[in-house]
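As structure tokens, the structure follows; a few thoughts come after it.
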There are 2 protein chains.
Amino acid sequence: MNEIVEVTQIFKALSDKNRLRILKILEIKPLCVCEITDILGLATSTVSKHLSILKAAHFIFEQKECKWVNYYLNQSTQMPYVREIAELTRNWLKNNEIVLEDQRKAALSDRMKICHKQ
Amino acid sequence: MNEIVEVTQIFKALSDKNRLRILKILEIKPLCVCEITDILGLATSTVSKHLSILKAAHFIFEQKECKWVNYYLNQSTQMPYVREIAELTRNWLKNNEIVLEDQRKAALSDRMKICHKQ
DNA sequence: ATTATATTTCGTCATTTATCGAAATGATGG
DNA sequence: CCATCATTTCGATAAATGACGAAATATAAT
């Protein structure tokens, strides 16, 4: 794939409101799909698709933990463009109401409450 | 418009191969629509649309000169996010073949030759 | 004034994207 | 093993996007 197209893929990954929300949420702490789904209020399949796009662009990575799939910000990515833009945008949207509310929810998130198990 | 959506608009503007090519071309020098069209090899109306998207996102601005509309990189934009990302991506794609060829053409571009007038 | 040139706007079309729900997959716990 | 839960994949749909050519607009040249 041409490097120009690679760059467009990076920007496309950041071109969706809900994917930006996911990245800002994961700044708080790693979360599983059901926690992110609960915060965003979208269908699970939609969130899964967004996560796969962010993962393909190397903004996040996943790690299995029991029956959950946890997603982490990929802050040590070896992709220079991705790292640069992730560092830059980390300082963006710091006072946005939606982002702050999402992050508040993320901080309080407890998968045991969400996921029908004690 | 919510700030998150504003940010997605910035990234959407950068999510197209031909718009990235336009930004890299304008690094060399300001150009009119017909010169950019000649370099990209697209329909004039397509190029005009791309320019309007980049202008709406404040990456470029236009200035009339006789019968031409010249487009300039908006390096002194008052939009902080746009300026930051423009500065960052200015260092990207420096060795890309397509970009280098476009820039070579831009450097040699002469609207008098392209636009049916001596 | 009329014609020619440069650009934008409009209408159309094909492709991509975001979303959902349902079905499939994978892992856990009884 | 079977039932449950978490997640992904698939199929459908509506909306957005990028492309073109034609028409409209604006300016310049004759």
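Values below: all heavy atoms of this structure, side chains included; hydrogens, waters and symmetry mates excluded. Proteins get letters first, then strands, A, B, ... in listed order; numbering begins at 1 in each. Small disclaimer: the values here were computed from a predicted structure and weren't measured.
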Query raised in the report: Hey, which of these two, A:G41 or B:V47, hits DNA chain C nearer its 5' end, going by closest nucleotide?
Result: B:V47
Query raised in the report: Is a donor-acceptor contact shorter than 3.5 angstrom present between the side chain of B:T46 and the base of D:dG18?
Result: no
Query raised in the report: Just how far, in rounded Å, is P of C:dT9 from CG of B:L51?
Result: 12 Å
**Report entry** Minimum-distance nucleotide to B:K12 side chain [options: D:dT17, C:dC20, D:dA26]
**Finding:** D:dT17
Query raised in the report: Counting side-chain heavy atoms from CB outward, which of C:dT8, C:dT28, D:dT17 is closest to A:C66?
Result: C:dT28
Query raised in the report: Given D:dA6, is OP1 or OP2 found less than 4.0 Å from the side-chain N or O atoms of A:Y71?
Result: no
Query raised in the report: For D:dA6, does either OP1 or OP2 sit under 4.0 Å from a side-chain N or O belonging to A:R111?
Result: no
Report task. Can you tell me the distance, in whole Å, between the CD atom of A:Q9 and the P atom of C:dT16? Result -> 11 Å
Query raised in the report: Nearest nucleotide by nearest heavy atom, which residue falls closer to the 5' end of DNA chain C, A:K64 or A:S15?
Result: A:S15
Query raised in the report: Quick one: is C:dT19 close enough that its OP1 or OP2 comes under 4.0 Å of any side-chain N or O from A:N18?
Result: yes
Query raised in the report: Nearest to the side chain of B:R19 - C:dG21, D:dG18, C:dT7?
Result: D:dG18
Requested in this report: May I ask you to test the A:F61-A:T77 pair for a side-chain heavy-atom distance under 4.5 Å?
Outcome: no
Report task. In whole angstrom, give the distance that lies between atom CD1 of A:I22 and atom P of C:dA18. Result -> 11 Å
Query raised in the report: Within this structure, what is the CG-to-C1' distance between B:L31 and C:dT7, rounded to whole angstrom?
Result: 15 Å
Query - Between P of C:dT8 and CD of B:E62, the distance in whole Å - result: 6 Å
Requested in this report: Kindly point out which of D:dG18, C:dT9, D:dC20 is positioned nearest to the side chain of B:I53?
Outcome: D:dG18
Query raised in the report: With respect to the phosphate group of D:dA19, does any side-chain polar atom (N or O) of B:H50 fall under 4.0 Å of OP1 or OP2?
Result: yes
**Report entry** Close side-chain approach of B:R83 to B:M79, heavy-atom, < 4.5 Å
**Finding:** no
Report summary line: Looking only at D:dC20, D:dT8, C:dA6, the nucleotide nearest the B:W68 side chain is C:dA6
Report summary line: Of the candidates D:dA26, C:dT9, D:dT8, the side chain of B:S45 sits closest to C:dT9
**Report entry** Shortest side-chain distance from A:T44, nucleotide among C:dT9, C:dG26, D:dT8
**Finding:** D:dT8
**Report entry** Test item: side-chain donor near acceptor, A:E3 and B:W92, under 3.5 Å
**Finding:** no
Report summary line: Between CG of B:L40 and P of D:dG18 the distance, given in whole Å, is 14 Å
Query raised in the report: Nearest to the side chain of A:K67 - C:dA18, D:dA6, D:dT8?
Result: D:dA6
Report task. For residues A:I22 and A:Y71, determine if any side-chain heavy atom of one lies less than 4.5 Å from a side-chain heavy atom of the other. Result -> no
**Report entry** Enclosure of B:E97 CD (heavy-atom neighbours >12, cutoff 6.0 Å)
**Finding:** no
Query raised in the report: Rounded to the nearest Å, what distance is computed from the CG atom of residue B:L42 to the C1' atom of nucleotide D:dT17?
Result: 14 Å
Query - Gap between atoms CG and P, on A:N70 and C:dA27 respectively (whole Å) - result: 15 Å
Query raised in the report: Do we see a donor-acceptor contact under 3.5 Å between the side chains of A:S15 and B:T8?
Result: no
Report summary line: Per atom distances to the A:K49 side chain, the nearest of D:dT8, C:dT19, C:dT8 is C:dT19
